[in-house]
Amino acid sequence: MLGPHDIAGTAALTICESLLLALNDRNILPEKEIVGILTDAAAAHQFVPDTEQSEMHEAVAALINGILEGGNSVRRR
């Protein structure tokens, strides 16, 4: 069963991906900038010192890197 944080996180991810696509479609942000935003977001979670939440940070970084690899937030031309 999904908890409220899972639902909120999924909604936030969907909204952010849609915003990135819209910004790119309207030529407000080029693909390079969007890829940079996602790369920075992944790095913010990849290089967190070991804590009790290290596993969560690793999973977040892997998810963002998967989005980058799959091109979900950028319509690659």
Side-chain angles (χ1 to χ4, degrees):
M1 181 171 180
L2 294 176
H5 294 295
D6 297 323
I7 294 166
T10 301
L13 177 61
T14 303
I15 291 166
C16 288
E17 284 187 295
S18 294
L19 284 170
L20 290 174
L21 286 168
L23 289 169
N24 185 251
D25 288 348
R26 306 248 186 298
N27 296 316
I28 296 169
L29 279 179
E31 178 182 325
K32 179 181 175 182
E33 292 293 324
I34 293 170
V35 168
I37 290 167
L38 293 171
T39 301
D40 289 348
H45 289 279
Q46 283 175 318
F47 304 111
V48 172
D50 284 340
T51 66
E52 59 188 44
Q53 294 187 334
S54 293
E55 189 175 314
M56 183 271 304
H57 286 290
E58 289 174 17
V60 170
L63 176 63
I64 296 169
N65 285 323
I67 290 168
L68 278 165
E69 291 169 11
N72 294 2
S73 293
V74 181
R75 291 188 178 104
R76 306 268 162 104
R77 298 171 193 170

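Partners of Ile15 by side chain to side chain contact (heavy atoms under 4.5 Å, CB included), not counting sequence neighbours, listed by chain and number: Leu19.
Taken to the nearest 0.5 Å, the CG atom of Leu23 stands 10.5 Å off from the OG atom of Ser18. For the atom pair CG (Leu29) and CD1 (Ile34), the distance works out to 5.5 Å, reported to the nearest 0.5 Å. Taking CG of Leu63 as the reference point, atom CG of Leu13 lies at 6.0 Å (rounded to 0.5 Å). Once rounded to the nearest 0.5 Å, the distance linking CD1 of Ile37 with NZ of Lys32 reads 13.0 Å.
Nearest approach of Ala42 to Ile64, heavy atoms of both residues: CB-CG2, 3.7 Å. Glu31 approaches Asn24 most closely through the heavy-atom pair N-ND2, 3.3 Å.
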Name every donor-acceptor pair, under 3.5 Å, that has one atom in a side chain of residues 48-62 and the other anywhere in the protein, sequence neighbours excluded.
from  : atom 1 : to    : atom 2 : distance (Å)
Thr51 : OG1    : Gln53 : N      : 3.0
Ser54 : OG     : Thr51 : N      : 2.7
Ser54 : OG     : Thr51 : O      : 2.9
His57 : ND1    : His45 : ND1    : 2.8

